[in-house]
Trainee: 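Before I ask anything, let me first share the structure, which is written out below as structure tokens.
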Amino acid sequence: MHTVVLTKGVPDFREGQVSFDEDGHLERGKTPTVMNPNDKHALRAAFQTKVRNGGNVSLMSMGPPGYQEVLQEGMRDVYADDLYLLSDREMGAADTWATAMTVATGLEKLEEPPDLVFAGFKTADGETGHTGPQTCWCLDWPMITHVISLDIDEDEGVVRAKRLVDGDISEIETVEAPMPCFIVADPEFEPTYRKANHRLRHKDLREETQERAEDYEDLVTVWDHEDLNLDPDYIGLDGSPTIVAGVDPIPKAPSEREATHIEADDDAAMEQVLDELTPYAAGD
């Protein structure tokens with residue numbers, strides 16, 4: 001079983017972390033890069049597959065050299081075996097289509113063809129949700145989206161999954177697809193490890209991976225467009241049909257907040273705080 005997780009580095013949009021220039025453009029060099037939050041769900045789904053079914057997990061990303069640290073973070077989360085970064089200037093400023101075509105080519109170049117590819121359902125910066133389905137379209141594989149649980153039947157070569165219909169938690173359907181298959185994990189995905197051997201396997205993997213994650217740079221394979229035999233006219237900015245009409249900056253949080261300092265031994269003041277918080281705790 002070979003599983004690949006697609007992940008992306010995105011700007012850290014937490015308060016105080018984002019920098020814009022005077023024209024309102026995001027300054028990526030001054031804004032920290034973190035793993036796309038929704039990719040965590042794909043990592044959890046892939047890790048469950050590794051624990052239950054064994055095999056290897058690879059992580060793949062497209063981006064600048066700094067994305068190696070994002071891959072290291074992913075390695076720690078999913079106890080990955082190897083890492084792939086698709087990176088050079090020709091791939092820069094790609095839209096979702098150019099990214100999907102590049103990533104699909106990277107997946108096809110892997111020495112061991114993947115049985116499953118996992119992706120998060122959208123990125124925190126673009127929020128289009130296009131890249132995963134477009135990558136799957138390039139591969140011409142079956143795809144299951146909004147997956148909240150899954151089981152692998154290796155003997156029959158199929159994936160059985162429960163998914164949200166239109167992303168709505170109130171409507172769930174069970175589907176089956178042959179492998180290789182593309183899985184888009186929903187934020188509602190919850191891994192389960194009911195068997196004792198699964199929990200023991202979980203513990204063993206954590207111990208095995210600690211040292212590997214520290215030396216992650218030795219496990220990163222970097223491919224540029226020449227390695228992937230991709231024409232620069234069809235990737236990166238030149239290969240992106242999307243035209244961005246404008247960008248609205250993220251509204252800034254109020255620069256000042258009112259605070260009231262209360263001494264821990266001031267019983268009357270503490271009672272007042274509890275009185276004020278009680279309605280919120282009750283959901284009023």
Trainee: Hey, could you give me the CE/CG distance between M75 and D77, rounded to the nearest 0.5 Å?
Mentor: 11.5 Å
Trainee: Using atom types as modelled and distance alone, determine if a side-chain donor or acceptor of D88 lies under 3.5 Å from a backbone N or O of M91.
Mentor: yes
Trainee: Atom CE of M143 and atom CZ of F182: how far apart are they, to the nearest 0.5 Å?
Mentor: 7.5 Å
Trainee: Rounded to the nearest 0.5 Å, what separates atom OG1 in T99 from atom NZ in K8?
Mentor: 6.5 Å
Trainee: Could you check whether T145 and R163, counting side-chain N and O atoms only, form a donor-acceptor pair closer than 3.5 Å?
Mentor: yes
Trainee: Does E188 form a side chain to side chain contact (heavy atoms under 4.5 Å, CB included) with I169? I'd like the steps, not just the answer.
Mentor: CA-CA 8 Å; E188 296 293 332; I169 190 65; 4.0 Å; yes
Trainee: Check whether any side-chain heavy atom of R44 sits under 4.5 Å from a side-chain heavy atom of E190, and report yes or no.
Mentor: yes
Trainee: Please test W97 against C138 for side chain to side chain contact (heavy atoms under 4.5 Å, CB included), starting from the C-alpha separation and ending with a verdict.
Mentor: CA-CA 10 Å; W97 171 246; C138 292; 3.9 Å; yes
Trainee: Taking the side chain from E90 and the backbone from D231, do they hold a donor-acceptor pair closer than 3.5 Å?
Mentor: no
Trainee: Looking at side-chain heavy atoms only, is the closest gap between V222 and Q68 below 4.5 Å?
Mentor: yes
Trainee: Do you know which two heavy atoms are closest between M179 and D153, and how far apart they sit?
Mentor: CE-O, 4.5 Å
Trainee: If you compare all heavy atoms of A119 against all heavy atoms of A42, which two are closest, and at what distance to 0.1 Å?
Mentor: C-CB, 3.5 Å
Trainee: For K122, does its backbone N or O pair with a side-chain atom of N36 as donor and acceptor, under 3.5 Å?
Mentor: yes
Trainee: Determine whether L230 and L107 fall in the same hydrophobic cluster, where Ile, Leu, Val, Met, Phe, Trp and Tyr are linked whenever their side-chain heavy atoms lie under 4.5 Å apart.
Mentor: yes
Trainee: Which donor-acceptor pairs under 3.5 Å do side chains of residues 55-63 form with protein atoms, sequence neighbours excluded?
Mentor:
from : atom 1 : to  : atom 2 : distance (Å)
S58  : OG     : H2  : NE2    : 2.8
S58  : OG     : D82 : OD1    : 2.4
S61  : OG     : T7  : O      : 2.8

Trainee: Give the cluster check for L139 versus V158: same hydrophobic cluster or not, with ILVMFWY residues linked at side-chain heavy-atom distances below 4.5 Å.
Mentor: no
Trainee: Please find the pair of heavy atoms, one from T3 and one from A46, that lie closest to each other, and give the distance.
Mentor: CG2-CB, 3.9 Å
Trainee: Taking the side chain as everything from C-beta on, heavy atoms only, tell me whether V70 gets closer than 4.5 Å to V34.
Mentor: no
Trainee: Heavy-atom distance under 4.5 Å between the side chains of N38 and P187, does that happen here?
Mentor: yes
Trainee: Can you establish whether the number of heavy atoms outside N229 located under 6.0 Å from its atom CG is more than 12?
Mentor: no
Trainee: Going by heavy atoms in the side chains, are C181 and W141 under 4.5 Å from each other?
Mentor: no
Trainee: Ion pair present between D81 and K50, side-chain N to carboxylate O less than 4.0 angstrom?
Mentor: yes
Trainee: Between E171 and L164, is a side chain to side chain contact (heavy atoms under 4.5 Å, CB included) present by the stated rule, with each step listed?
Mentor: CA-CA 6 Å; E171 190 173 357; L164 304 183; over 6 Å; no
Trainee: Give a yes or no on whether the backbone of A269 and the side-chain of D266 come within a donor-acceptor separation of less than 3.5 Å.
Mentor: yes
Trainee: Are Y67 and Y84 in one and the same hydrophobic cluster, where Ile, Leu, Val, Met, Phe, Trp and Tyr link if side-chain heavy atoms are under 4.5 Å apart?
Mentor: no
Trainee: Does the side chain of L83 reach to within under 4.5 Å of the side chain of T221, using non-hydrogen atoms?
Mentor: no
Trainee: Applying a strict under-4.5 Å side-chain criterion to I, L, V, M, F, W and Y, I'd like to know whether F121 and V103 cluster together.
Mentor: yes
Trainee: Kindly compute the distance separating CZ (F189) from CD1 (I148), expressed to the nearest 0.5 Å.
Mentor: 9.5 Å
Trainee: For side chain to side chain contact (heavy atoms under 4.5 Å, CB included), just list the numbers for V117 and V5, CA-CA rounded to whole Å, side-chain angles, deciding distance to a tenth of an Å, and then say yes or no.
Mentor: CA-CA 6 Å; V117 173; V5 186; over 6 Å; no
Trainee: Output the distance between atom OG1 (T102) and atom CG (D224), rounded to the nearest 0.5 Å.
Mentor: 11.5 Å
Trainee: For residues V4 and L116, determine if any side-chain heavy atom of one lies less than 4.5 Å from a side-chain heavy atom of the other.
Mentor: no
Trainee: Give me the atom names and distance for the closest heavy-atom approach of P114 to P180.
Mentor: O-CB, 3.6 Å
Trainee: Is it the case that over 12 heavy atoms from other parts of the model lie below 6.0 angstrom from the CD atom of E69?
Mentor: no
Trainee: Does D95 reach the main-chain N or O of A98 with its side chain, forming a donor-acceptor pair under 3.5 Å?
Mentor: yes
Trainee: How long is the span from the CD1 atom in I144 to the CZ atom in F118, to the nearest 0.5 Å?
Mentor: 9.5 Å
Trainee: Indicate every side-chain donor-acceptor pair of residues 195-205 with a distance under 3.5 Å to a residue at least two apart or in another chain.
Mentor:
from : atom 1 : to   : atom 2 : distance (Å)
R199 : NH1    : Y193 : O      : 3.0
R199 : NH1    : R194 : O      : 2.9
K203 : NZ     : E207 : OE2    : 3.0

Trainee: Would you call E276 and T278 a side-chain contact if the rule is heavy atoms closer than 4.5 Å?
Mentor: no
Trainee: Under 3.5 Å, is there a donor-acceptor pair linking the side chains of R52 and T192?
Mentor: yes
Trainee: Only one of K162, H41, H146 clears side-chain hydrogen bond (donor to acceptor under 3.5 Å, both in side chains) with D186; which?
Mentor: H146
Trainee: D238 and P232: which non-hydrogen atoms are nearest, and at how many Å?
Mentor: CB-O, 3.8 Å
